[in-house]
K.L.:
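First the structure, which I've put down as structure tokens, then a few questions once you've had a look.
Bear in mind that the values here come from a model prediction, so they are computed numbers and not experimental data. All values below come from the heavy atoms of this structure, side chains included, with hydrogens, waters and symmetry mates left out. Within every chain, numbering begins at 1; the chains are lettered A, B, ... in the order of the sequence lines, protein sequences first and strands thereafter.
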Amino acid sequence: MEEAEIALSEQQLVRREKLLKLQAEGRDPFAAVRWNHSHHSSFIKQNFEALENQDVSIAGRIMSFRDIGKASFIDLQDKEGRIQVYLNAEGLGAEEYAHVKSWDMGDIIGVEGYVFKTRRGEISVHAKRMELLTKALEPLPEKYHGLRDPEQRYRRRYLDLVMNSQVMETFKKRTIIIKAFRDYLDNVGYLEVETPVLSTIASGAAARPFVTKSNALNLQLYLRIATELYLKRCIVGGMERVYEIGKNFRNEGIDIRHNPEFTMIELYQAYADYNDMMELCENLCASAALKACGSTKVNYQGTELEFAAPWRRLSMMDAVREYGKIDFSSVKNDEEARELAKKHGLVEELKKKLEDCSKGDILNAAFEKFAEKELIQPTFILDYPADISPLTKQKPGDPSMTERFEAFVYGRELANAYSELNDPIVQMDRFNQQAKERELGDDEAYMLDEDFVSSLEVGMPPTGGMGIGMDRLIMFLTDSYSIRDVILFPTMKPVQ
RNA sequence: GGGCCGUUAGCUCAGCUGGUAGAGCAGCAGACUCUUAAUCUGCGGGUCGCAGGUUCGAUCCCUGCACGGCUCACCA
């Protein structure tokens with residue numbers, strides 16, 4: 001007792017004793033072994049007529065063990081679900097049957113036997129041979145309530161997955177949704193690419209980056225906050241249609257809809273513009289909803305969301321007029337806009353001092369305050385101020401506005417898309433403007449990427465581009481309240 | 001970062017106005033050949049998140065800390 005020992009519970013000690021006993025008997029449940037299994041649980045249940053009285057081989061985890069004396073029932077869980085195993089001395093032999101009875105809930109076993117239906121109508125496997133494939137040394141959480149403690153569910157997701165079948169369903173759906181995106185884009189000629197996570201410049205979005213260091217290069221590097229500028233280089237290179245699904249990293253607050261690392265798809269299409277991106281956005285989301293939920297109509301937190309095209313289209317100015325009762329169309333300059341800001345209580349919403357704010361800043365603040373949370377059904381908000389859209393083409397006839405939209409669902413931003421700015425001279429001016437913003441204290445202003453500008457000098461065709469927050473879409477399609485419910489291992493503070 | 005709430009057996013949770021703790025599941029022993037939250041009998045299992053303080057005495061009151069949840073702020 002000199003060294004600090006990990007305190008084992010009574011139940012853990014019991015299981016370790018069982019393990020030692022098994023090993024002493026030459027039945028080490030951790031010894032190398034493979035198990036040929038022929039079927040999964042749900043397949044057997046769905047194909048009972050064909051499989052009745054047929055031999056099958058299954059494997060999984062013991063979730064329930066009902067010993068009624070000379071016979072027992074086990075609920076075996078595999079990746080598809082659960083199936084009941086019936087065992088008795090006749091099927092296994094008296095000695096084996098007695099041995100199996102010492103197994104525990106949580107143990108991972110293989111079962112060979114024939115398919116039958118119990119008198120109560122439960123499709124089951126009548127065991128002829130059983131093998132303990134892995135011993136569980138820790139007891140499972142409570143079989144009825146499962147694992148409830150949110151902290152443990154996130155920290156020990158493996159237990160959450162074992163105990164809560166809807167969690168497994170959510171993550172299966174997650175994969176279906178991402179695959180739906182891939183299938184759709186691959187079918188219309190997109191090329192999936194990979195761009196750097198590590199870079200000396202973190203640009204393409206407004207966010208604080210994570211900082212790391214390369215030992216080999218003796219260099220400070222950032223983890224990417226967006227893939228935009230590299231994907232556009234691919235367009236310059238002639239790939240015409242590219243997308244990347246991957247993690248972005250933003251060193252910011254953690255809450256119900258933000259995780260420091262999150263999954264984004266960005267896609268770029270040459271010879272297209274933001275109108276094409278709207279259609280693509282509708283089609284991608286509708287197709288994902290159809291594949292994951294069987295319908296474009298999805299229930300989210302008690303509200304029915306309709307993802308089928310067409311989504312409502314509304315300019316930012318019209319949205320502010322509709323939801324904020326403020327008319328920006330007649331505002332001629334920044335000064336008039338600042339007056340409006342004071343009149344409508346927007347000053348506190350602004351990220352900068354009022355005198356530093358342009359008309360665009362104030363319009364955006366009014367939108368965020370009055371309109372954003374009202375946009376429940378999928379809605380495109382079009383035409384964003386140029387000041388907050390440094391990578392976007394200006395509107396023909398109104399250089400203060402850009403060809404940009406964001407898609408909102410349930411009051412949350414889901415997608416962001418532009419007619420991509422491809423004029424290298426204007427792009428340089430916009431980066432310079434961002435540098436000024438940074439001097440004014442905005443540490444999320446876009447970093448200058450000179451090589452990106454120089455790629456535009458080589459020539460980027462007119463291009464439409466879009467980013468969609470995959471985690472957020474997955475939240476909507478799985479009725480998940482928190483982003484942590486759609487990320488397998490969300491960022492957590494370590495326990496001290 | 002602010003506010004509110006939580007942390008008690010492996011798990012899910014009780015625990016009154018302060019007198020060092022209970023249930024169900026799980027575990028152990030036993031009974032039971034169609035159970036499925038199986039049932040029945042009996043028995044074990046706790047540094048009440050951590051550290052201080054008040055008190056004769058703290059799971060309970062106070063302070064601080066840790067972790068988590070919600071929320072506001074922040075955050076395209």
K.L.:
Using only modelled atom types and a 3.5 angstrom limit, is any donor from either the side chain of A/Glu142 or the base of B/A26 paired with an acceptor on the other?
P.N.:
no
K.L.:
With P as the reference atom in both, quote the distance from B/U63 to B/A23 in angstrom, rounded to an integer.
P.N.:
33 Å
K.L.:
Please determine which of A/His258, A/Arg174, A/Arg257, A/Arg484 meets the side-chain hydrogen bond (donor to acceptor under 3.5 Å, both in side chains) test together with A/Asp471.
P.N.:
A/Arg174
K.L.:
Ignoring hydrogens and geometry, is there a side-chain-to-backbone donor-acceptor pair from A/Arg61 to A/Gln77 under 3.5 Å?
P.N.:
no
K.L.:
Below 6.0 angstrom between ring centroids: does that apply to A/Tyr274 and A/Phe380?
P.N.:
no
K.L.:
B/G10, B/U36, B/U12: which one has an atom nearest the side-chain heavy atoms of A/Ser9?
P.N.:
B/G10
K.L.:
Atom CG of A/Leu13 and atom P of B/G46: how far apart are they, to the nearest Å?
P.N.:
11 Å
K.L.:
Does B/G24 pair with anything, Watson-Crick or G-U wobble, both distances under 3.5 Å, and if so, with which nucleotide?
P.N.:
B/C11
K.L.:
To the nearest 0.5 Å, how far apart are CD1 in A/Ile245 and CD1 in A/Ile265?
P.N.:
4.0 Å
K.L.:
For the base of B/G27, is there a side-chain donor-acceptor partner from A/Gln11 under 3.5 Å away?
P.N.:
no
K.L.:
Counting heavy atoms from C-beta on, name the nucleotide in B/G27, B/G69, B/G10 closest to the side chain of A/Met105.
P.N.:
B/G27
K.L.:
Does CD in A/Glu95 sit with more than 12 non-hydrogen atoms of other residues, nucleotides or ligands closer than 6.0 Å?
P.N.:
no
K.L.:
Check this for me: does the side-chain of A/Tyr86 come within 3.5 Å of the base of B/U33 through a donor and an acceptor?
P.N.:
yes
K.L.:
Dump every N/O contact between nucleotides 71-74 of chain B and the protein below 3.5 Å, one line per pair.
P.N.:
residue, atom, partner, partner atom, Å
B/U71, OP1, A/Tyr481, OH, 2.1
B/C74, N4, A/Asp255, OD2, 3.3

